[in-house]
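All remarks here apply to the structure that follows.
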Amino acid sequence: MTWEQLERSCLECKRCGLAYGRTNVVIGRGSKTAPVMIVGEGPGQKEDEMGLPFVGMAGELLNLALESLGFSEKDYYIANVVKCRPENNRTPTDEECEKCLPYLRAQFTLIRPKIIVCLGNVATKAMIDKSFQVSKVRGIWYSKKGTLFMATYHPAALLRDESKKIHMWEDLRKVKIRLDEGFDT
Ligand code: URA
């Protein structure tokens with residue numbers, strides 16, 4: 001599948017009910033050759049309006065963390081498990097996630113990132129292991145089929161509980177260190 005085909009499929013998608021409440025499909029943003037893919041849950045109101053992931057308050061916090069740790073925009077691509085906004089920002093259902101995951105898998109196949117960072121429980125369960133809780137597994141590297149995975153808190157959780165901020169910073173710092181070490185070996 002090419003990026004064009006993927007984008008067309010997403011824009012025409014009616015696989016689940018979320019399609020009927022959306023203003024825009026939120027596919028992704030960032031470098032399409034990035035070594036790091038960052039995966040969130042699903043678009044919020046601002047993301048739905050703008051058609052881009054993590055452009056609201058949670059996104060500002062995420063950008064601040066990435067910038068302060070020295071990530072550059074070419075280092076990452078950001079996407080969500082579901083590409084259309086769940087009404088009132090509710091958590092997407094397992095069925096909605098399942099219906100949408102082929103698009104995220106296609107993004108993964110096109111980008112082939114070395115590292116996937118999962119923000120929050122929805123992304124962590126969808127990408128690493130259904131049984132995982134982000135509070136228990138955050139900051140730990142998991143390797144699957146040659147790709148490294150790390151879960152950390154969702155930035156929206158940091159807006160509700162400031163004490164989690166330090167943990168997300170620590171986790172993303174590990175990602176930056178790994179990135180700086182390179183992937184030649
Ligand atoms: N929360 C998410 O999980 N994704 C976004 O794009 C915005 C907020």
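Throughout, residue positions are numbered sequentially from 1 according to the sequence presented. Ligands are counted one by one from 1 in listed order, and the atoms in each one are counted from 1 as well.
Ranked by closest heavy atom to atom 6 (O) of ligand 1, the top entry among Val26, Ile38, Asn89, Asn80 is Asn80.
Ring-plane geometry between Phe71 and Tyr76 is classed as perpendicular, the angle between the planes exceeding 60 degrees on a 0 to 90 degree scale with a lower cut at 30.
Distances below 4.0 Å separate heavy atoms of Pro53 from the following atoms of ligand 1: 6 (O). Ligand-side atoms of ligand 1 in range of His154: 1 (N), 2 (C), 3 (O), range being under 4.0 angstrom from any heavy atom. Numbered from 1 in the order shown, with element, the atoms of ligand 1 that lie under 4.0 Å from a heavy atom of Gly40 read 3 (O).
More than 12 heavy atoms of other shown residues, nucleotides or ligands fall within 6.0 angstrom of atom NZ in Lys176. Shown here is Glu7, whose CD atom has more than 12 heavy atoms of other residues, nucleotides or ligands within 6.0 Å.
The shortest N or O to N or O distance between Glu41 and ligand 1 is under 3.5 Å. The shortest N/O to N/O separation between Pro43 and ligand 1 does not fall below 3.5 Å. Taking distance alone, with nitrogen or oxygen atoms compared against 3.5 Å, Gly42 approaches ligand 1 more closely than that limit.
Remark: Lys32 is not positioned above the aromatic ring of Tyr77, lacking an NZ or CZ atom under 6.0 angstrom from the ring centre and at most 45 degrees off the axis.
Of all heavy-atom pairs spanning Arg29 and Asn63, the tightest one is NH2-OD1, 3.5 Å.
Taking the charged nitrogens against the carboxylate oxygens, Glu162 and Lys165 do have a contact shorter than 4.0 Å, which makes a salt bridge.
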